[in-house]
Amino acid sequence: MDYVAGCLGGAVGVLVGHPFDTVKVRLQVQNVDKPLYRGTFHCFQSIVRQESVLGLYKGIGSPMMGLTFINAIVFGVQGNVMRQLGQDSPLNHFLAGSAAGTIQCIICCPMELAKTRMQMQGTGEYKSKRKHYKNSLDCLVRIYRKEGVRGINRGMLTTLARETPAFGFYFLTYDCLTRSLGCEPDDPYIIPKLLFAGGMSGTASWLSTYPVDVIKSRLQADGVGGVPQYNGILDCVQQSYRKEGWRVFTRGLTSTLLRAFPVNAATFATVTLFLMYMRGEGEGVKDCEPTPAMQQPQPQPQQSSL
């Protein structure tokens, strides 16, 4: 039931948040010398006007494909680490979350690479005259044939640097909030509390590592439709800062935070309410915290996930 609940919650989260993620990626990687978008809302409007509403959902196949595997890894690793650590403490929640975030990068990195490439395809076109990639799977296959295993794992170091602390902060924030909220199954405000706890936890996890996400997106989008301009992580950081200043590391943050709250709120509420329904209200969670069997649902960083 935990596995099914995690998949349902993750699917709802992807559907709610993918348009915001598309805007975030477009803003992060656009050319500073010839910017297409003036900001978050202009980017939304431009994509809908030029590419239709479906343009906001470009690349959704990749996170949907990786969703089952990512949730399985996150639930399994987080639950096992918590059992090994024994004590239910905020520190252990951070450590367990960090471990889960590290392991799931195996799936998350290739998934986000395909998502980013698909989101950049046909920028500014209502109907792309020539699509380089048919779908997310075709994108990964083409990258693999051209660049091998190293190619489909482009951005792995930055993904690890983002996901490991982000998942840790997600679990830590959620644990602290649920301890203070102290909701019960018969609490008339349990749903708003669950939505608030999940939403705030997702927001905190993104704020903790957002600059790293900017660099990851730029490295994964580098070379699309032209010659690669970065020689590595450090070179990407230096070039980005030299051309655009420190604000480059917050580019797309507005759309990310607008996405983070509803995505994580929807994901967590879906998982919790599904489990409470399947187990019966009296056998559900005693408070907002996950039981040993039902560990914390995965945040959508990007998403993979967060």
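This is a predicted model, so every value here is computed, not measured. Numbers here are sequence positions counted from 1.
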D138 and R142: CA distance, side-chain angles, deciding distance, salt bridge (Lys or Arg N to Asp or Glu O under 4.0 Å) verdict: CA-CA 6 Å; D138 179 61; R142 286 175 177 270; 3.0 Å; yes
Before you tell me yes or no, could you show the steps for R117 and R154 under side chain to side chain contact (heavy atoms under 4.5 Å, CB included), namely the whole-Å CA-CA distance, both residues' side-chain angles and the distance that decides it to 0.1 Å? CA-CA 12 Å; R117 295 291 178 91; R154 180 190 293 266; 3.6 Å; yes
Chi angles and distances behind the side chain to side chain contact (heavy atoms under 4.5 Å, CB included) call for Y57, V14: CA-CA 10 Å; Y57 285 91; V14 171; over 6 Å; no
Take V23 and T254, measure what side chain to side chain contact (heavy atoms under 4.5 Å, CB included) needs, and give me the verdict at the end. CA-CA 10 Å; V23 172; T254 301; over 6 Å; no
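Rounding to the nearest 0.5 angstrom, the gap separating the CG atom in N92 from the CZ atom in R83 is 13.5 Å. Rounding to the nearest 0.5 Å places SG of C105 at 10.0 Å from CE of M111. The distance from atom CZ of R150 to atom CD1 of I143, rounded to the nearest 0.5 Å, is 14.5 Å. R251 CZ to T40 OG1: the interatomic distance, rounded to the nearest 0.5 Å, is 11.0 Å. Taken to the nearest 0.5 Å, the NZ atom of K115 stands 6.5 Å off from the NE2 atom of H18. Atom CD1 of I107 is separated from atom OG1 of T159 by 12.5 Å, given to the nearest 0.5 angstrom.
At a threshold of 4.0 Å, the pair R179-D88 counts as salt-bridged, since one of the basic side-chain nitrogens sits closer than that to a carboxylate oxygen. Salt bridge present: R26 and E51 bring a charged side-chain N and a carboxylate O closer than 4.0 Å.
The minimum heavy-atom distance linking P110 with L140 is given by the pair O-CD2, 3.4 Å. The two residues C236 and R218 have their closest heavy-atom pair at SG-CB, 3.9 Å. Across all non-hydrogen atoms, the minimal contact from C109 to G155 is SG-C, 3.8 Å. Annotation for Q104 and G101: closest pair NE2-O, 3.1 Å, computed over non-hydrogen atoms. The two atoms that bring G168 and S98 nearest to each other are CA-OG, 3.5 Å, heavy atoms only. Closest approach of I233 and I215 over heavy atoms only: CG2-CG2, 4.3 Å.
Taking Y210 as the reference, K24, Q28, W206, D213, V214, L253, T256 meet the side-chain contact (heavy atoms from CB on, under 4.5 Å) condition, with sequence neighbours excluded. Every residue was checked against the ring pair (Phe, Tyr, Trp, His ring centres under 6.0 Å) condition with F249, not counting sequence neighbours, and none meets it. With sequence neighbours excluded, the residues forming a side-chain contact (heavy atoms from CB on, under 4.5 Å) with Q239 are Q229, Y230, D235, R242, K243, listed by chain and number. Residues forming a side-chain hydrogen bond (donor to acceptor under 3.5 Å, both in side chains) with T164 (at least two apart in sequence, or on another chain): T102. Legend: residues meeting side-chain hydrogen bond (donor to acceptor under 3.5 Å, both in side chains) with N153, ordered by chain and number and at least two apart, are absent.
Note on L172 and L85: same hydrophobic cluster, where clusters join Ile, Leu, Val, Met, Phe, Trp and Tyr whose side-chain heavy atoms are under 4.5 Å apart, directly or indirectly. When the side chains of ILVMFWY residues are joined at heavy-atom separations under 4.5 Å, either directly or via intervening members, I60 and I47 end up in a single hydrophobic cluster. Note: the hydrophobic cluster containing Y37 also contains V53 (ILVMFWY, side chain heavy atoms under 4.5 Å, direct or indirect links). Under the 4.5 Å side-chain contact rule for hydrophobic residues, V48 and L27 share a cluster. Hydrophobic clustering keeps I152 apart from M156 (ILVMFWY residues linked when any side-chain heavy atoms are closer than 4.5 Å, directly or through intermediates).
The neighbour count for Q84 CD, taken as heavy atoms of other residues, nucleotides or ligands under 6.0 Å away, does not exceed 12. More than 12 heavy-atom neighbours from other residues, nucleotides or ligands sit within 6.0 angstrom of CG on L15.
At distances below 3.5 Å, at least one donor-acceptor pair connects side-chain atoms of T22 with backbone N or O atoms of L56. With hydrogens and angles ignored, the 3.5 Å screen pairs no side-chain donor or acceptor of S240 with any backbone N or O of V237.
In this structure the side chain of L207 reaches within 4.5 angstrom of the side chain of L257, judged on heavy atoms. For the pair N264 and S201, the minimum side-chain heavy-atom distance is 4.5 Å or more. A heavy-atom distance below 4.5 Å is not found between the side chains of V16 and R259. Side-chain atoms of C108 and R162, non-hydrogen and from C-beta on, do get closer than 4.5 Å to each other.
Ring geometry for F94 versus F169: interplanar angle over 60°, hence perpendicular rather than tilted (30 to 60°).
In the hydrophobic clustering (ILVMFWY side chains linked at under 4.5 Å, chained through shared members), L234 stands by itself.
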